[in-house]
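The structure appears right after this line, and notes come after that.
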2 protein chains.
Amino acid sequence: MAEDPYAPARIRELPSWLLGRAAARGHHLVAGALAREGLRMMHHAVLSAVAELGPVSQAELGRSLSIDPKDMVAIVNELQSRGLVTRTPDPKDRRKNAIAISVSGRRRLRRTEALGDEANAELTAALSPAEREQLIALLTRIIQPEELACDTTESSE
Amino acid sequence: MAEDPYAPARIRELPSWLLGRAAARGHHLVAGALAREGLRMMHHAVLSAVAELGPVSQAELGRSLSIDPKDMVAIVNELQSRGLVTRTPDPKDRRKNAIAISVSGRRRLRRTEALGDEANAELTAALSPAEREQLIALLTRIIQPEELACDTTESSE
DNA sequence: TGATACCGTTGGGCTCACCAATGACCTGGA
DNA sequence: TCCAGGTCATTGGTGAGCCCAACGGTATCA
């Protein structure tokens, strides 16, 4: 074999590139695991958020999970048609839909959570528990810059 | 409604979710920066890889960057039409295209590399240099499991 | 009452990742 | 020599995730 697998590039050292590759692998593993329950990642995320937050509006769900309102409509539609959540008009604010998890939704969530945990364990199999916590902490700080950073020049172009 | 920004979910502690969010932010920042030069992330990645590897076939570029051959065609097409790379048939193997960076491509690459570095600096602004290196190391190990792990059941599915 | 803002919904577009198939081509062995 | 199998570049399509614009219905505030 002539070509080595090479240590390619400047690219491979950029956090943005590494994040993209790692996220792709994570998505692949988790989506594959959740597919056994017929759910996609966002479905599981919404289901889990609904279980935690109780009856919530779709807009609030979208804000908490950074999901586009357009996509949220489709997700809730499918979850509702599967009987995993209920969508009832909010009497206090008739614009809103109160999304709540159903009994079967809670049951399904228990299984998908186990599958998601398994997939994440495989994703971080090369890391020690301490390193995994470290990764989680670092990623968390990367994700939320606006809540902490107030002086960063917002790329004034 | 003055709801707190909440400490949402089990979801927000999963590495797969955090990786997805962080990658989305990284892509947003880098893509926005590179857009000033009229290039997308993959264009810049390919351009950088070509600069490093010298004349390479498209298939080899795709393998090194995990880019689908189909997408590689479109990327090389655009890079070539912009005069940033040259695509000459390989005399030794007429199936292959020898992709090489041009002079203007090298010039453009210098600018896009600076823009990419800036964007990555902003992406990791909340991290100290040591933490950034830590993150890179952890991500690198997450990405390449096959090259190290030999006993992990590869979830043949 | 009217102005403003939000909610859900629908419409489109863009980027990235993935899979199937084809013709041209190289390589190996019969 | 010819054939089989594999690789390369290319084209086709699919799906997920993210973003923008617009609309009717509704709540809130002046």
Side-chain angles (χ1 to χ4, degrees), chain A residues 1-3 16-17 19-32 34-35 39-46 55-63 65-78 80 85 87-99 143, chain B residues 1-3 16-17 19-32 34-35 38-46 55-80 85 87-99 143 157:
Chain A
M1 185 38 117
E3 310 300 331
S16 57
W17 181 264
L19 284 171
R21 302 308 317 161
R25 191 166 109 87
H27 178 269
H28 182 74
L29 288 172
V30 175
L34 295 182
L39 288 185
R40 291 194 303 256
M41 264 184 54
M42 311 288 282
H43 293 188
H44 172 240
V46 169
V56 205
S57 69
Q58 297 180 197
E60 202 168 335
L61 277 173
R63 278 190 296 266
L65 295 174
S66 299
I67 295 180
D68 192 86
K70 173 189 181 62
D71 305 321
M72 184 63 68
V73 173
I75 293 171
V76 174
N77 277 344
E78 297 190 36
Q80 183 186 25
V85 302
R87 181 199 251 149
T88 44
D90 187 336
K92 292 189 294 294
D93 189 338
R94 304 219 307 279
R95 296 171 301 179
K96 299 184 182 178
N97 288 336
I99 311 297
I143 293 176
Chain B
M1 268 321 232
E3 299 300 331
S16 56
W17 182 262
L19 283 170
R21 301 310 317 160
R25 190 165 108 89
H27 176 268
H28 183 74
L29 289 172
V30 174
L34 294 182
L39 290 184
R40 292 193 304 254
M41 263 183 57
M42 314 236 304
H43 293 183
H44 172 241
V46 169
V56 205
S57 69
Q58 297 180 197
E60 201 169 334
L61 277 174
R63 278 191 296 268
S64 76
L65 294 175
S66 300
I67 295 179
D68 191 86
K70 172 190 178 60
D71 304 322
M72 185 62 69
V73 172
I75 294 170
V76 175
N77 277 344
E78 296 190 37
L79 290 177
Q80 184 187 25
V85 301
R87 180 199 251 150
T88 45
D90 186 334
K92 292 190 293 294
D93 189 338
R94 305 219 307 279
R95 294 171 302 178
K96 299 183 181 178
N97 288 336
I99 311 297
I143 293 175
E157 172 183 344

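Proteins get letters first, then strands, A, B, ... in listed order; numbering begins at 1 in each.
Between B:N77 and B:R87, the closest side-chain pair of non-hydrogen atoms falls below 4.5 Å. Contact annotation: the side chain of A:R25 never approaches that of B:I143 to less than 4.5 Å [non-hydrogen atoms, C-beta and beyond]. When side chains are defined from C-beta on, A:I67 does not count as touching A:L61, because their heavy atoms never get closer than 4.5 Å. Contact annotation: the side chain of A:W17 approaches that of B:L65 to within less than 4.5 Å [non-hydrogen atoms, C-beta and beyond].
Atom-to-atom, CG of B:L39 to C1' of C:dC14 comes out at 16 Å; the value is rounded to the nearest Å. Atom NZ of A:K96 and atom P of D:dA27 are 10 Å apart (whole Å). Here the P atom of nucleotide C:dC7 and the CD1 atom of A:I67 are 16 Å apart, to the nearest Å. Atom pair B:H28:NE2 and C:dC16:P shows a separation of 14 Å (rounding to whole Å applied). The separation between B:E78 atom CD and D:dA9 atom C1' is 17 Å, rounded to whole Å. Taking atom CG on A:N97 and atom C1' on C:dC6, their separation rounds to 14 Å, with Å as the unit. Atom CZ in A:R63 sits about 12 Å away from atom C1' in C:dA5, given to the nearest Å. Atom P of nucleotide C:dC18 and atom CD1 of B:I75 are separated by 13 Å, given to the nearest angstrom.
In the interface, the side chain of A:K70 is paired with the base of C:dG11 through a donor and an acceptor atom under 3.5 Å apart.
Using a 4.0 Å heavy-atom distance criterion, B:A59 is classed as a sugar-phosphate-only contact. Within 4.0 Å (heavy atoms only), B:M42 reaches sugar-phosphate atoms of the nucleic acid but no base atom. Among the heavy atoms of the strands lying under 4.0 Å from A:S57 are primed sugar atoms or P, OP1, OP2 only; no base atom is included. As judged by a 4.0 angstrom heavy-atom cut-off over every strand, A:D68 is placed among the base-contacting residues.
Between A:M41 and B:V73, the one whose closest nucleotide on DNA chain D sits nearer the 5' end is B:V73. Nucleotides of DNA chain C nearest to A:W17 and A:I99 differ in position, and the one nearer the 5' end is that of A:I99. Between A:R40 and A:P91, the residue anchored closer to the 5' end of DNA chain D is A:R40, taking for each the nucleotide with the nearest heavy atom. Each of A:N77 and B:R94 has a nearest nucleotide on DNA chain C; the 5'-most of these lies closest to A:N77.
Close to D:dG17, at under 4.0 Å from its OP1 or OP2, lies no side-chain N or O of B:R25. Listed pair A:H27 / D:dG17 meets the phosphate criterion, a side-chain N or O lying under 4.0 Å from OP1 or OP2. The phosphate of C:dT9 has OP1 or OP2 within less than 4.0 Å of a side-chain N or O from A:Q58. The side chain of A:R87 contributes an N or O atom lying less than 4.0 Å from OP1 or OP2 of C:dT9. Between A:R95 and the phosphate of C:dG8, there is no side-chain N or O to OP1/OP2 separation shorter than 4.0 Å. Considering only side-chain N and O atoms, B:R21 lies under 4.0 angstrom from the phosphate OP1 or OP2 of D:dC18.
Side chain to side chain, B:H43 and B:R40 meet the donor-acceptor criterion of an N or O pair below 3.5 Å.
Residues A:R21 and B:S66 approach most closely at NH2-CB, 3.2 Å, considering heavy atoms.
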